[in-house]
Amino acid sequence: MARRIVLSSDDGPSRSVENLTIDYRGDLNEQQFDAATTGSGPTLVIAGAGTGKTRTLIYRMAYLVETGTKPESVVLLTFTRRAAREMTSRAADLLDGRCQRVQGGTFHAFCLGVLRRHAPTIGFPRNFTVLDAADAGDVISVLRADGNYDQGEERFPQKRTLYSMFSAVINRQEPLDEVLARRYPQFSPLYDGLEQMRQDYQAYKKSHGMMDFDDLLYRTLELFAADDGVRREVAGRCRHVLVDEYQDTNALQAELVKQFASVHGNVMVVGDDAQSIYRFRGADFRNIFAFPEEFDDTQVLKLEQNYRSTQVILDLANHVIDNADRSYEKTLFSHRDVPDAELPAVVPAADGQMESRFVAQMILRLRESGVPLHEQAVLFRSSHNSYELETELNKRNIPFVKYGGMKLSEAAHIKDVLAHLKVAENPQDAAAWNRALQLIHGIGPKTAKSLIEWATNEADDPFVHTDNAPFSNRYISQLKKLLGTLRSIRDPDMPLVEQVESVIDYYRPIFEDEYYEDYPKREPDLDHFIGLSENYSSRRDFLSSLALDPIELTALDNDGEHEDEPPLVLSTIHSAKGLEFHTVFIIRALEGDLPSRYALREKGGVDEELRLFYVAVTRAEDNLFISYPMTQYRRYQGEYMTDPSRFIVDVPEDTLEPVQLVEETEAQEDDQPLLGGDTPAALGSGDSEQTSASAPKQLGDGSDSASRADTETSREYDPRDVDGLPF
DNA sequence: GCCACCACCGACATC
DNA sequence: CGGTGGTGGC
């Protein structure tokens, strides 16, 4: 390697902050200040939950820019694109517009930018398709139908499973036989077929110009290895690398950090080993312990002072995490002085329906007492855990947005539209062809396959109808329409919105036929999709952006209707990472759900679930309710007793207070039974004035919310009802 | 031979 | 509410 001459940077040797526009000392505590204003070189910041990690990174960005680093040469790698956007724009507010030009995004998005510029170096076209997990599954299905990997085995893995196996090989850098032995022992006997399939999958993506999420990382490293000039150029533009959520990086990402920092050596990673919750996608929290070994002279800083939660909530969090293995010792202490802070409560409900009613009613009461809906969140282990609650919320007209559920681009009808756009973008995309073709009446798997072969291999121009194509009269007229539509939208001068509209015009009759039972419900999504495309200048950007930054389906439902009242948040714990709420409900705290039954199979699985629970607990600022149903119903099994989560049993009552739900019996109203807590514990802490305002005060002045409360929920505000509560 | 339709089973978290 | 597997019909 060439000799390096390091020029001293513009921030200079002095750590003087006196002449800067931002008051770093005044705005930050001492630990935060040290992290934000440290000099160059590798730095590891261990930051507990709620300790101002984000704030510190924002001030760090501002500090770097203010002391002379060009914003374009600062790279901020975050876990979601949303996080990057928020942080750069907050830094921009703090200083001046300049921080907006900081390069920020996920590893995947950053690598995508590099690969778009240099793909040909490693044998990919520049317009390669980005496969999301579902697309990757489709490709694997196509392969499976072609090849003879399963040898008639009865229990060959599902495409989802196949994809996660192949993914683990890449992003953990572990051979397939080891992955099988560790996670899928039941499929170890199929090793030969699986390994063959995995290699075919890799080759297929390359020959068809496709990259899945792992490829974006892996191929970037391949590119750097293939052409050191590219590495130097990219790393040369990374004067300072900042990495958020470092505990959730995988082996490839850790290596990428090294490469990005290989020219300037300035890298600051921030993370919390206690919050590592992405092992399933290859994250290895040991990266955070290995960091000081990978980078010589690493400076290790800690943030321990919590600004988010009350001390009683932190007591529970500390109690929880004490049971986990970890090495960076830290105990969170609160900086918030809240007299009479409510203890976290554990709330058993008779069944799921009662649990949902409890959560819904409590949310409304808190809203009455002044906690807006969007300051409250319901968290759960997996997306389907909230179905029952969603029904209840809909019944009561409580607006909510759900994170971690179905994505817009996962809805079948949106995938249909996307397939057409993908074919236009990359005519080699066999999986997209497959989907688009099979929508045509008369074309099934076999016909589609021969048409795809023709389109991707033999045809000079697959969008022009020629006589040597294997067409049959059964579907010819519809196929001509398809090819005509695709040909027209490939016109480079056609604006993206018109392309999307043109595809939808073609698709609409198919859509109404395919989803004849419920297409009116799906129809608005198509309009949203058109609207979304207006924000993008090219089809290519639009498609990769949708893959890397999927949009929550429920986030679209609520616009307009509830403008004056931002909605309640429902979220998987994973999607709630980095967020905070006045009140948090953790529902379905059950053995089998949290910890998940799948986690129990694997070594270290329960610890990961414990960290997940810890993340959920530490989202709460003031109120925390952990509830579970005591009975459940399952088909063929009938009603059975559940076991409460191991994470909440045996917690002392002065740390986690039991609350009993009681159906109101006197003056009972037909279909709206009411709740109240009446255990001694509940009454003991019980006469806070918070909810005692008996006259329901309306939030906002919207007639919408007022009338809703009158008609639908006013009975919930009956003072009788409020009296029995432990608040 | 191939496609369309109907009955079933099973369901984790995400860039 | 998805994928999948069986069967009848063209």
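Residue numbers begin at 1 in each chain, while the letters A, B, ... track the order of the sequences.
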Under the side chain to side chain contact (heavy atoms under 4.5 Å, CB included) criterion, do A:Val130 and A:Met211 qualify, and how do the steps go?
CA-CA 5 Å; A:Val130 178; A:Met211 293 205 199; 5.7 Å; no
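- Using a 4.0 Å cut-off between charged nitrogen and carboxylate oxygen, A:Arg85 and A:Asp549 count as a salt-bridge pair.
- One interatomic measurement links the two molecules: CG of A:Leu437 to C1' of B:dC3, which rounds to 15 Å at whole-angstrom precision.
- In this structure, A:His441 atom NE2 and B:dC3 atom P are separated by 12 Å, rounded to whole Å.
- One can place CG of A:Asp513 at 11 Å from P of B:dA4, the figure rounded to the nearest angstrom.
- Under a 3.5 Å cut-off, the side chain of A:Glu245 and the backbone N or O of A:Thr78 do not form any donor-acceptor pair.
- Counting to the nearest Å, the P atom of B:dA4 and the OH atom of A:Tyr475 are 12 Å from each other.
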Evaluate side chain to side chain contact (heavy atoms under 4.5 Å, CB included) for A:Phe585 paired with A:Leu389, printing each intermediate quantity in order.
CA-CA 12 Å; A:Phe585 297 86; A:Leu389 177 65; over 6 Å; no
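- Nucleic acid contact for A:Ile443: sugar-phosphate only, since backbone atoms but no base atoms lie under 4.0 Å from a heavy atom of the residue.
- The nearest whole Å value for the distance from the CG atom in A:Asp593 to the C1' atom in B:dA11 is 12 Å.
- Relative to the ring axis of A:Phe128, A:Arg219 does not place its NZ or CZ within 45° and under 6.0 Å from the centre.
- At whole-Å resolution of the value, CD1 in A:Ile414 and P in C:dG2 are 13 Å apart.
- Shortest non-hydrogen contact noted between A:Asn434 and A:Ala448 is OD1-CB, 3.6 Å.
- Per the geometry, CD belonging to A:Glu390 stands 12 Å off P belonging to C:dC1, to the nearest Å.
- Taking the ring axis of A:Tyr403 as reference, the NZ or CZ atom of A:Arg82 stays within 45° of it and closer than 6.0 Å to the ring centre.
- Every stem involving DNA chain C, taken as at least 3 paired positions in a row under the Watson-Crick or G-U wobble test at 3.5 Å, is listed here: B:1-9 with C:2-10.
- Atom C1' of nucleotide C:dC1 and atom CD of A:Glu388 are separated by 16 Å, given to the nearest angstrom.
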Close N/O contacts between protein and nucleotides 12-15 of chain B (under 3.5 Å):
| unit_1 | atom_1 | unit_2 | atom_2 | d |
| --- | --- | --- | --- | --- |
| B:dC12 | O2 | A:Arg381 | NH1 | 3.0 |
| B:dC12 | O2 | A:Arg381 | NH2 | 2.8 |
| B:dA13 | OP1 | A:Ser383 | N | 2.9 |
| B:dA13 | O4' | A:Arg381 | NH1 | 3.4 |
| B:dA13 | N3 | A:Arg381 | NH2 | 3.4 |
| B:dT14 | OP1 | A:Thr572 | OG1 | 3.4 |
| B:dT14 | OP1 | A:Ser575 | OG | 2.8 |
| B:dC15 | O4' | A:Arg281 | NH1 | 3.2 |
| B:dC15 | O4' | A:Arg281 | NH2 | 3.4 |
| B:dC15 | O3' | A:Thr106 | OG1 | 3.2 |
| B:dC15 | O2 | A:His108 | NE2 | 3.0 |

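- Between A:Tyr387 and A:Pro445, the residue anchored nearer the 5' end of DNA chain B, judged by the nucleotide with its closest heavy atom, is A:Pro445.
- Between the side chain of A:Asp248 and the backbone N or O of A:Tyr278 there is at least one donor-acceptor pair closer than 3.5 Å.
- Aromatic ring centroids of A:Phe542 and A:Phe529 lie under 6.0 Å apart.
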